[in-house]
Amino acid sequence: MNCYPKNYILVIAEKSKAAKKIAEALSDKPTTCKKYSVSYWVVNYKGKVNVVAPAAGHLFNLYGDSSFPIFSMDWKPLWEIDDSAKYTKKYYNLLKDLSKYAIEYINACDYDIEGSVIGYMIIKHFGDLKKAKRMKFSALTKQDIQKAYSNLSPLDYNMINAGIARHKVDWIWGINVSRALMLAVSSVTKKRVTLSAGRVQSPTLIHVVENEIARELYIPLPVYRVRVKIKIGNETFSLSLNRTFEYKEEAQEFANKIKKSRAVVDEVRIEEKPLTRPSPFNLGDLQAEAGRILGYSPYYVERLAEELYLDGLISYPRTNSQKIPPSVDIKSIVNGLEANFKNLVGLVRNITKGEYIVRQGSKDDPAHPAIYPTGNRITEKLGIKQYKLFELITRRFLASISRDAIMITQKIIIRFKDVDISDEITRQKIKFKGWLLLYPYHSVKDEELLDVKEGEEVKIESVSVKMDLAKPDVKRYNKVQLLKWMETSNLGTEATRGKIIETLFNRKYLSQKRGTIYPTSLGIVIVEVLKDYFKDLTSIELTSKMEEKLNEILDGKETVEGVVAETINTLRIYLDNYNKYKDQIGIKLAKILGLMKYKKCKFCDLEAEYDNLCKYHYNAYMKLKETLKVWKERTKLEDKDILKKIYSSKTTGKYIKDMISEMM
DNA sequence: GCAAGGTC
Ligand SMILES: [Zn+2]
């Protein structure tokens, strides 16, 4: 068919892969055409000529001049305003050209608010909104696409407006507060530094900072436990009883009672339990597992997965879904994988006898299924890191369609008759390995069961009291754990979480040591400034409130103008206050950036506020004094010995250790 | 130059 027809229906897809799928669903033999080195397709469908052409995500973005504050912005071609998005120019030009001779437009972008904006902007700038329709599909399968094509709706203005409001709210908050921070510094120092704040990045930074401060102020408290060595038949076991005591005397008293008690095997419980196979990956799970197993950072995983997707080896990776719909032909995917993963395919056939049942996860996505291998064989040579990720995705997919493992657990309940206390010994054995063979990245205990019978006598060999230190309930984060926190806090999307974490590193708000994330002094001060002057931006509630507003727009109860006006009003109040304290903020930031002299804390780069200590080290000192009293009461030890014990514990926070080093 | 969101 002619690549330059006239009077056709222009079908706009969000990306090239989707355009191709749509064309193939509408025709068995779509004509592939190319312009500006971008492929598009011409098909005849139900007697009409359709041209299916791709965008590349957003081709338009918000732009405003460099004034401050700034509340007016316009949509501009992305390639004009962002040097790193020059590649969008060819898609822009293609859609502009193809719009000229179209008589109808169909927005066939992903069915979510961003997809609605992407298609709307293209039709608005190049085509005719009065001749536009929306196509709604939830999977890029032939049936879904054909069904969607025959049930076209008018343009979904509520969704478009919700998307536009999202762009504007983020832009207004982000650009203005970022400029406020930078201008505060430059007005005091005449120096330009890049600083930023935003709806997603700022609550994420604050979470790291608050977590870190709590962790570095941690002081373990002593607890006492009773350990019992017992003998059943010829075998000895060591039990650490669950009960904990604050005071050594209490623990000793309890230990004496145990020592005098008789003991017996009260019950032997043997159970068979499935160890459920995992669901297929969504992007967050893939980033978590690739981090845990391969040591890759979340953003790197997203980039590699994108390449595998473009190579045609895996399905679309930026998805939240853990489900694979029945329209996906699992059998032929497994057959296809045989070329590159002969052993794994052999294993999965063996385990399942060729009957594959996907273990569907609970999470879903409006536009895409879970990540799975397409079954295409590797044609171009993959780098080793890419190959490892592909193998991980393949193994996870095969595990998800295989069978649950079966575990046998044995619980031996030991009862100390005279004190009426029970404890247990547990053993577990793998009866059927199932998916564990395909996805061998969990250490699952496989032990022999014990030959112990109910009513058997238990000999108490020895009883002792041991001091333990309580474990902290705050843990430092690595990138993957931070990304998972963002996910559960509903911050960012699949495509942006990894990138936003990298932004916090690029701003030098965060640093990393052996994989563990620490906030820098600059990060800590940025958090202080945001908490004092732009409180809304410090909370994840800004996102949930925004989403409520977007839902109101979706329900037709609110408008873009209303939401934008509300944002501006809130921000204006903050900015009025900011103007009063601008120099103070600038000085505070300039100091930590090394642009002004100041008196540093004896132990860190923050400003000394209490004699020669920053407020965090001062807090550490106060807390240590209080905790010392508790320790003394419980252990009856000398201060010096207590400090030594606290200092030598791995769990003690750094601020606390700094203060102890001062006192010893 | 600065956000967050698409996609490469
Ligand atoms: Zn300090």
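Bear in mind the structure is a predicted one, so any value in this text is a computation, not a measurement. Proteins get letters first, then strands, A, B, ... in listed order; numbering begins at 1 in each.
When distances run from any side-chain atom of A/His58 to the nucleotides B/dC2, B/dG5, B/dA3, the shortest one goes to B/dG5. If you check B/dT7, B/dG1, B/dG6 against the side chain of A/Ala56, the one that comes closest is B/dT7. Closest to the A/Arg192 side chain, of the nucleotides B/dG5, B/dC2, B/dG1, is B/dG1.
By the 30° and 60° cut-offs, the orientation of the rings of A/Trp79 relative to A/Tyr92 is perpendicular.
For the pair A/Asn176 CG and B/dC2 P, the computed distance is 15 Å after rounding to whole Å. Rounded to an integer number of Å, the gap from A/Glu80 CD to B/dG1 P is 16 Å. Atom CD1 in A/Ile81 sits roughly 13 Å away from atom P in B/dA3 (whole-Å rounding). A/Glu502 has its CD atom 14 Å from the P atom of B/dA3, to the nearest Å. The CG atom of A/Leu78 sits 14 Å away from the P atom of B/dA3 (whole-angstrom rounding). Separating the CG atom of A/Asn490 from the C1' atom of B/dG5 is a distance of 15 Å, rounded to the nearest angstrom. Residue A/Leu491 contributes atom CG, which lies 15 Å from atom P of B/dA3 at whole-angstrom precision. The distance from atom CD1 of A/Ile314 to atom P of B/dT7 is 13 Å, rounded to the nearest whole Å.
By the 6.0 Å and 45° rule, A/Lys17 does not stack over the aromatic ring of A/Tyr316.
Residue contacts for A/Asn61: at a heavy-atom cut-off of 4.0 Å it reaches a base atom on one of the strands shown. Among the heavy atoms of the strands lying under 4.0 Å from A/Thr194 are primed sugar atoms or P, OP1, OP2 only; no base atom is included. Heavy atoms of A/Glu307 sit nowhere under 4.0 angstrom from any nucleic acid atom. Base engagement by A/Arg318 is indicated by at least one non-hydrogen atom pair under 4.0 Å involving a base atom. Within 4.0 Å of A/Arg166, counting heavy atoms only, lies at least one base atom of the nucleic acid. Using a 4.0 Å heavy-atom criterion, one finds that A/Gly492 contacts the sugar-phosphate atoms exclusively. Among the heavy atoms of the strands, none lies under 4.0 Å from A/Ala85. No contact: A/Phe68 has no heavy atom under 4.0 Å from any strand. As judged by a 4.0 angstrom heavy-atom cut-off over every strand, A/Leu62 is placed among the base-contacting residues. Note on A/Arg507: only backbone sugar-phosphate atoms sit closer than 4.0 angstrom, heavy atoms only; bases stay farther off. If you check every strand for non-hydrogen atoms under 4.0 Å, A/Ile172 touches nothing.
An OP1 or OP2 oxygen of B/dC2 is reached within less than 4.0 angstrom by no side-chain nitrogen or oxygen of A/Ser66. Considering only side-chain N and O atoms, A/Ser196 lies under 4.0 angstrom from the phosphate OP1 or OP2 of B/dA3. Regarding contacts with the backbone of B/dT7, a side-chain N or O of A/Tyr316 is found under 4.0 angstrom from either OP1 or OP2. Distances shown here put every side-chain N or O of A/Arg179 at or beyond 4.0 Å from the OP1 or OP2 atom of B/dA3.
Less than 6.0 angstrom separates the ring centroid of A/Trp75 from the ring centroid of A/His167.
Taking OH of A/Tyr578 as the start and CD of A/Gln584 as the end, the distance is 12.5 Å to the nearest 0.5 Å.
Using modelled atom types and a 3.5 Å distance limit, the side chains of A/Arg134 and A/Ser153 yield no donor-acceptor pair. Side chains of A/Asp532 and A/Tyr581: a donor-acceptor N/O pair is absent below 3.5 angstrom, by distance only.
A residue-by-residue look at A/Ala495 and A/Arg199 shows that A/Arg199 has its nearest nucleotide of DNA chain B further toward the 5' end. If you find the closest nucleotide of DNA chain B to A/Ala197 and to A/Glu302, the one lying nearer the 5' end belongs to A/Ala197.
One N or O donor and one acceptor, one from the side chain of A/Lys499 and one from the base of B/dT7, sit under 3.5 Å apart.
Heavy-atom contacts from other residues, nucleotides or ligands closer than 6.0 Å to NZ of A/Lys133 number 12 or fewer.
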